[in-house]
Amino acid sequence: MRILHLVVGSALLLSTGLAQARERLTPDARLAKILAGRTAGEPVNCIPLRNIRASEIVDKTAIVYTTNGGTIYVNRPNGASFLDDDQIMVNKVYTSQLCSIDIVNLLDRSTRFTDGSVSLEKFTPYPRPPKAPR
């Protein structure tokens, strides 16, 4: 009976792992999923730090910043090929804004050693789509 439980448990773990592997999206598909239903606005040079609620890296493509108001800003930095979604971003800013002239240092998550840096470009806003009338 114990062997049966191990076999069933192993099969469940394997099937879960295969499902997760299939769901792994390409960087462009992942970015498209994040921006689904949104339309790009006019790029801006800076976004206020106090408005940034979350940030995430899309492998070798972009950094996505989500703001308190629901607008998503996409930055396709110079050196995007160095971006890895398992890195930690360290921003050194000297004002209350994150701007297109700023540098983002990247740290390896396991060693905490510097893993490169990217130079931010303009931020493209993707506002929350308007709610459909009821």
Side-chain angles (χ1 to χ4, degrees):
M1 191 65 167
R2 179 176 237 164
I3 293 175
L4 178 62
H5 289 302
L6 288 173
V7 170
V8 171
S10 297
L12 286 173
L13 285 174
L14 183 59
S15 67
T16 302
L18 290 175
Q20 289 174 347
R22 270 184 295 204
E23 292 174 15
R24 183 87 173 151
L25 300 173
T26 66
D28 288 331
R30 184 168 165 223
L31 186 58
K33 185 176 180 178
I34 292 168
L35 300 173
R38 295 173 184 255
T39 304
E42 193 65 33
V44 297
N45 282 318
C46 300
I47 54 176
L49 287 170
R50 72 178 179 278
N51 291 347
I52 300 172
R53 182 182 63 200
S55 61
E56 67 179 290
I57 293 175
V58 178
D59 276 342
K60 299 181 183 359
T61 305
I63 302 173
V64 177
Y65 297 93
T66 304
T67 62
N68 294 328
T71 298
I72 294 174
Y73 288 88
V74 176
N75 192 292
R76 293 180 181 265
N78 224 350
S81 62
F82 292 106
L83 293 173
D84 181 328
D85 64 3
D86 197 39
Q87 292 169 319
I88 298 169
M89 292 184 288
V90 178
N91 300 312
K92 280 190 179 177
V93 293
Y94 300 98
T95 66
S96 62
Q97 300 184 87
L98 190 59
C99 295
S100 59
I101 61 169
D102 290 329
I103 303 291
V104 175
N105 291 310
L106 305 166
L107 300 180
D108 180 90
R109 187 173 299 278
S110 60
T111 64
R112 302 293 197 257
F113 288 127
T114 301
D115 203 16
S117 62
V118 294
S119 174
L120 295 178
E121 296 290 330
K122 288 190 173 191
F123 298 84
T124 303
Y126 289 83
R128 184 179 290 168
K131 291 184 180 180
R134 289 184 172 189

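Leu49 and Val44 fall within the same hydrophobic cluster, where Ile, Leu, Val, Met, Phe, Trp and Tyr residues are linked whenever their side-chain heavy atoms come under 4.5 Å apart, directly or through other members. Under a hydrophobic clustering in which Ile, Leu, Val, Met, Phe, Trp and Tyr are joined whenever their side-chain heavy atoms come within less than 4.5 Å, directly or via other members, Ile57 and Tyr126 fall into different clusters. Residues Ile47 and Ile103 do not share a hydrophobic cluster, clusters being chains of Ile/Leu/Val/Met/Phe/Trp/Tyr side chains in contact below 4.5 Å.
Applying the side chain to side chain contact (heavy atoms under 4.5 Å, CB included) test between Val74 and each of Ile34, Val58, Thr61, Leu35 identifies Leu35 as the sole match.
Shortest non-hydrogen contact noted between Arg50 and Asn68 is O-ND2, 3.3 Å. Across every non-hydrogen atom of Arg30 and Asp85, the tightest pair is NH1-OD2, 3.5 Å. In terms of heavy-atom proximity, Gly70 sits nearest to Arg128 at CA-NH2, 3.2 Å. For the residue pair Phe123 and Ser100, the shortest heavy atom distance occurs at CE1-N, 3.9 Å.
Here Tyr73 contributes atom OH and Thr124 contributes atom OG1; the two are 10.5 Å apart, rounded to the nearest 0.5 Å. Here Asp28 contributes atom CG and Asp59 contributes atom CG; the two are 11.0 Å apart, rounded to the nearest 0.5 Å. A distance of 10.0 Å separates CD in Glu121 from CG in Asn45, rounded to the nearest 0.5 Å. Atoms CG and CD1, on Leu120 and Ile63 in that order, are 5.5 Å from each other to the nearest 0.5 Å.
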Check: residues 86-99 side-chain donor-acceptor pairs under 3.5 Å, at least two apart:
| residue | atom | partner | partner atom | Å |
| --- | --- | --- | --- | --- |
| Asp86 | OD1 | Arg109 | NE | 3.1 |
| Gln87 | OE1 | Asp84 | N | 2.8 |
| Gln87 | NE2 | Phe82 | O | 3.4 |
| Gln87 | NE2 | Asp115 | OD2 | 2.9 |
| Thr95 | OG1 | Gln97 | N | 3.2 |
| Thr95 | OG1 | Gln97 | O | 3.3 |

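Looking only at side-chain heavy atoms (C-beta outward), Thr114 and Leu107 come within less than 4.5 Å of each other. Inter-residue side-chain proximity for Pro77 and Leu83 is flagged as met; some heavy-atom pair is nearer than 4.5 Å.
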